[in-house]
Amino acid sequence: MAYVISNACVMCGSCADACPVGAISQGDGQYVIDAGMCIDCGTCAGTCPTGAISQG
């Protein structure tokens with residue numbers, strides 16, 4: 001199951017920089033994860049300073 005980003009996102013971009021497959025992009029007010037591209041590695045969740053990323 002793909003990871004998701006909650007509204008706790010502060011738009012820092014650390015998750016997008018860390019994603020090895022480029023599945024994370026800027027959305028409207030927060031970053032979003034493309035579930036079709038996500039490989040469930042969890043790297044993004046480990047880099048999020050606010051804990052806004054979890055498995056969906």
Side-chain angles (χ1 to χ4, degrees):
M1 181 170 284
Y3 279 75
V4 293
I5 302 175
S6 74
N7 60 3
C9 175
V10 294
M11 299 285 293
C12 70
S14 64
C15 59
D17 292 340
C19 182
V21 294
I24 303 174
S25 60
Q26 279 187 318
D28 187 23
Q30 71 185 49
Y31 277 79
V32 292
I33 299 174
D34 181 329
M37 292 179 64
C38 180
I39 59 171
D40 299 322
C41 68
T43 302
C44 58
T47 63
C48 181
T50 63
I53 304 174
S54 61
Q55 278 192 309

Quiz: residues 4-13 side-chain donor-acceptor pairs under 3.5 angstrom, not counting sequence neighbours:
unit_1	atom_1	unit_2	atom_2	d
S6	OG	A8	N	3.2
S6	OG	A52	O	3.3

Can you list everything that forms a side chain to side chain contact (heavy atoms under 4.5 Å, CB included) with D40? Sequence neighbours excluded, please. A2, Y3, C38
Hey, can you pull the donor-acceptor pairs under 3.5 Å for the side chains in residues 14-26, sequence neighbours left out?
unit_1	atom_1	unit_2	atom_2	d
S14	OG	T47	O	3.2

